[in-house]
Engineer: 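Before we start, here is the structure in question, set down as structure tokens.
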Amino acid sequence: MKALSITAQARQWHKLYIRLKATLDQWDRNFTTRRQLQKLSDQELADIGIDRVDALREAHKPFWIE
């Protein structure tokens, strides 16, 4: 097996970092928006086209689930 050059290794680590950061950013958005969703009034929920039951169902999903 051929050893990777330092540059190739750095590119691989950079790609891994980018994927990891994107995943963590998505999880943070999921967590934040689901907490905000719980705080909306029934009128605000109606304005975005969902009811309280659907909002609570979404809000109680784990952050790592899309």
Engineer: A quick test of your reading: do over 12 heavy atoms of other residues, nucleotides or ligands sit less than 6.0 Å from CZ of Phe31?
Structural biologist: no

Engineer: Taking all non-hydrogen atoms of both residues into account, name the closest pair between Ile65 and Arg34 and its distance.
Structural biologist: O-NH2, 2.7 Å

Engineer: Are any of the side-chain nitrogens in Asp25 or Arg29 under 4.0 Å away from the carboxylate oxygens of its partner?
Structural biologist: no

Engineer: Is there a side-chain contact between Leu37 and Thr32 (heavy atoms, below 4.5 Å)?
Structural biologist: no

Engineer: Answer whether the closest heavy-atom distance between the side chains of Leu16 and Gln12 falls below 4.5 Å.
Structural biologist: no

Engineer: So Leu40 and Asp47, do their side chains get closer than 4.5 Å, heavy atoms only?
Structural biologist: no

Engineer: Do Phe63 and Leu20 sit in the same hydrophobic cluster, where Ile, Leu, Val, Met, Phe, Trp and Tyr count as joined when their side-chain heavy atoms come under 4.5 Å apart?
Structural biologist: yes

Engineer: Under the side chain to side chain contact (heavy atoms under 4.5 Å, CB included) criterion, do Asn30 and Glu66 qualify, and how do the steps go?
Structural biologist: CA-CA 8 Å; Asn30 290 349; Glu66 284 290 323; 4.2 Å; yes

Engineer: When rounded to the nearest 0.5 angstrom, what is the spacing between CG in Asp28 and OG1 in Thr23?
Structural biologist: 12.5 Å

Engineer: If every non-hydrogen atom of Leu45 is compared with every non-hydrogen atom of Ala55, which pair is closest and at what distance?
Structural biologist: CD2-CB, 3.7 Å

Engineer: To the nearest 0.5 Å, how far apart are CH2 in Trp13 and CD1 in Ile6?
Structural biologist: 12.5 Å

Engineer: Once you round to the nearest 0.5 Å, how far does CD of Glu58 lie from CD of Gln38?
Structural biologist: 10.5 Å

Engineer: State, with a plain yes or no, whether a side-chain heavy atom of Thr33 is found less than 4.5 Å away from one of Gln36.
Structural biologist: yes

Engineer: For the side chain of His60 and the backbone of Leu56, is there at least one donor-acceptor N/O pair under 3.5 Å apart?
Structural biologist: yes

